[in-house]
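In what follows, residues are counted from 1 in the order of the sequence shown.
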Amino acid sequence: MHPTFTAEEQFAAAELSRTDLYAFARWMFMQRRGYAWRRAVHHKIICNALMRVFRGECRRLILNVPPRYSKTELAVVNFIAWALGHAPDAEFIHTSYSGTLAANNSANIRSLILHEGYGDIFPSCQLASEARAHWTTTAGGVMYATGAGGTITGFGAGKHREGFGGAIIIDDPHKADEARSEVVRQNVIDWFQNTLESRSNSPETPIILIMQRLHENDLAGWLLGGGNGETWEHVCLSAIQDDGTALWPEKHSIEQLRRMEQAAPYTFAGQYRQRPAPPDGNIFKPDQIQIVDAIPAGEIKWIRGWDFGATIDGDPTAGGKVGRLPDGRFIIGDMVHGQWGPDERDAALKNTASADGARVKISIPQDPGQAGKTQVLYLTRQLPGYRVHSSPESGDKITRAEPFAAQVNVGNVLMLRGDWNKPLIDEMRMFPNGTHDDRVDALSRAFAQLIGKYSMQINPDLLRRA
């Protein structure tokens, strides 16, 4: 018996904990830690969503929650322990980006079930094995934990029966500092499709994904976009709520959150706001671009930069035209963009050059190796009478974009009004987390050539003019 409570109070708490996950989490926190849980409204929201899964009202659930906001404690440790209390034969598979983390979570569930306070609530749930990552109950329940990408041979989740029989629970499938890698993100998605989904023992076995958003095309983004063909219930919790207040003020005040956002907008946007890019742009702040109806008078130096897509089914091709005005500012004068194969792409390059005229210099990327040199030679020969510059790309996309972004962000860039404005602004706002970045790549190339060298260093003289 807990010394702080009477027998009647403990009995009432146990009865409530048996029927309500939120009450269970609060009571067991007190039992194990000896002090009250600093709870918040979002904790109950999470618990209510998980109870919908347990009752069979939701089979596919995505919980987007900021880091260190109790998501693992509630949705993995407490939920699995609580659900096993009701269904001791339930079968769970739990994964995380790290096998060690998944095993630790599994050990914490086991420790919770072994606590005497848990036994007062769910006396029928008894453990039958000692392992940390893979253990069983005396009723035939199974807990199996592994890292994303790991093998799950011989294990399944859920029972082929009516009523709750277990679940697949994924907690942070992406490691935060690797989520910018398209290869790593795709590996997680492929593993989900080819390995994890097939481990359901029943069509009714629920799948729960708990994570902070890290990229537009992370696993949550892919699923919410219809990636696996199913509809997912979505609980999205931003650390800063729509009314401008803090989600968990006892954890982070709104003043603290604003400082965190200002210091690291890229990280804050995904992990704390559940948006893959900040509301006003990340690398680029496109709201600083003035859209004009006519090109200003005076002598303008123009360059059209290109970013080539390889195939019809691959990345699009983009050609951005950037000019330098007499007063030192810059203007985006045009953007061509399309999903083209090699022949159509080459035709677009020639037709655009013809429309621009010989005074507009052309800058094209050179792929590495002899094939890249051969392609550049071929394209240059297709453009007789035009000034063509070519160079390999150097540095990553963000590094290449930063000099141009610096001019955009201080209001040094105009844009000629056109129907291509909105797609470009949308891509800028999402960069580098968007689905495509070909328009930005093309403009970055044009700007680098325009300032006199294909260098990714910010020119301090240009910034001083802002």
Side-chain angles (χ1 to χ4, degrees), residues 280-307 317-337 352-353 355-365 386-391 393-432 434 436-466:
D280 62 344
N282 183 24
I283 304 300
F284 285 91
K285 300 188 184 302
D287 293 338
Q288 298 300 313
I289 297 175
Q290 179 186 353
I291 298 177
V292 296
D293 292 311
I295 296 172
E299 185 68 23
I300 300 176
K301 180 181 178 181
W302 291 101
I303 292 182
R304 172 85 67 172
W306 286 88
D307 180 69
T317 290
K321 181 179 174 183
V322 180
R324 186 169 184 174
L325 302 173
D327 62 4
R329 294 181 299 167
F330 301 89
I331 184 168
I332 307 170
D334 185 49
M335 176 64 67
V336 296
H337 185 264
T352 302
D356 286 342
R359 295 182 63 185
V360 177
K361 190 173 182 178
I362 301 165
S363 182
I364 58 178
Y386 298 95
R387 295 175 296 155
V388 180
H389 160 267
S390 65
S391 63
E393 301 288 22
S394 59
D396 60 34
K397 293 177 180 291
I398 296 176
T399 303
R400 297 198 303 268
E402 281 175 337
F404 185 52
Q407 296 303 306
V408 168
N409 297 347
V410 297
N412 258 0
V413 178
L414 311 179
M415 182 159 59
L416 186 63
R417 191 182 303 278
D419 56 9
W420 47 271
N421 293 169
K422 186 179 185 303
L424 172 57
I425 288 172
D426 290 343
E427 185 175 303
M428 283 182 169
R429 200 180 302 282
M430 294 299 296
F431 182 84
H436 297 295
D437 45 29
D438 35 275
R439 297 175 180 88
V440 169
D441 285 348
L443 293 176
S444 300
R445 167 168 285 276
F447 180 79
Q449 182 65 20
L450 193 61
I451 62 176
K453 57 182 178 179
Y454 202 71
S455 167
M456 294 303 107
Q457 299 299 315
I458 295 177
N459 186 335
D461 293 332
L462 296 178
L463 289 178
R464 279 195 286 271
R465 294 194 186 101

Please tell me if the side chains of [X] and [Y] come closer than 4.5 Å, counting only heavy atoms from C-beta onward.
{"X": "Val440", "Y": "Ile283", "value": "no"}
{"X": "Ile425", "Y": "Ile291", "value": "yes"}
{"X": "Asp356", "Y": "Tyr386", "value": "no"}
{"X": "Pro423", "Y": "Arg439", "value": "yes"}
{"X": "Pro296", "Y": "Leu414", "value": "yes"}
{"X": "Ile300", "Y": "Leu325", "value": "yes"}
{"X": "Asp287", "Y": "Arg429", "value": "yes"}
{"X": "Ile451", "Y": "Phe330", "value": "yes"}

Inset, instruction - Please assess Val360 against Asp334 for the test side-chain contact (heavy atoms from CB on, under 4.5 Å), listing each intermediate value before the final yes or no. - result: CA-CA 12 Å; Val360 177; Asp334 185 49; over 6 Å; no

Reported [atom1]-to-[atom2] distance for the pair [X] and [Y], which is rounded to 0.5 angstrom:
{"X": "Trp302", "Y": "Ile362", "atom1": "CH2", "atom2": "CD1", "value": "14.5 Å"}
{"X": "Met415", "Y": "Met428", "atom1": "CE", "atom2": "CE", "value": "6.5 Å"}
{"X": "Leu443", "Y": "Met335", "atom1": "CG", "atom2": "CE", "value": "3.5 Å"}
{"X": "Asp293", "Y": "Arg417", "atom1": "CG", "atom2": "CZ", "value": "4.5 Å"}
{"X": "Leu450", "Y": "Lys321", "atom1": "CG", "atom2": "NZ", "value": "12.0 Å"}
{"X": "Phe284", "Y": "Met430", "atom1": "CZ", "atom2": "CE", "value": "14.0 Å"}

Report yes or no: does [X] contribute a side-chain atom to a donor-acceptor pair with the main-chain N or O of [Y] at less than 3.5 Å?
{"X": "Arg304", "Y": "Gly319", "answer": "yes"}
{"X": "Asn409", "Y": "Lys285", "answer": "yes"}
{"X": "Asn421", "Y": "Gly418", "answer": "yes"}
{"X": "Glu427", "Y": "Asp438", "answer": "yes"}

Inset, instruction - Not counting sequence neighbours, which residues clear salt bridge (charged side-chain N to carboxylate O under 4.0 Å, His left out) with Lys397? List them please. - result: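 Partners of Lys397 under the salt bridge (charged side-chain N to carboxylate O under 4.0 Å, His left out) test: Asp437, Asp441.
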
Which atom pair, heavy atoms only, marks the closest approach of [X] to [Y]?
{"X": "Val413", "Y": "Val408", "value": "CG2-N, 3.6 Å"}
{"X": "Ile398", "Y": "Pro432", "value": "CD1-CG, 3.5 Å"}
{"X": "Gly305", "Y": "Ala442", "value": "O-CB, 3.4 Å"}
{"X": "Gly320", "Y": "Ala446", "value": "O-CB, 3.8 Å"}
{"X": "Ser444", "Y": "Ala401", "value": "OG-CA, 3.3 Å"}
{"X": "Gly333", "Y": "Leu416", "value": "O-CD2, 3.7 Å"}

Inset, instruction - Any ring pair (Phe, Tyr, Trp, His ring centres under 6.0 Å) involving residues 395-418? Give me the pairs, sequence neighbours left out, ordered by first then second residue. - result: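 Of all non-adjacent pairs touching residues 395-418, those that pass ring pair (Phe, Tyr, Trp, His ring centres under 6.0 Å) are Phe404-Phe447.
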
Legend entry - Heavy-atom neighbours of Arg359 CZ exceed 12 at 6.0 Å: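 Counting neighbours around CZ of Arg359, 12 or fewer heavy atoms of other residues, nucleotides or ligands fall under 6.0 Å, so no.
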
Inset, instruction - For Arg445 and Ser363, test the side chains for any donor-to-acceptor distance below 3.5 angstrom and give the result as yes or no. - result: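 Checked: Arg445/Ser363 side chains pair up, N/O donor to acceptor below 3.5 Å.
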
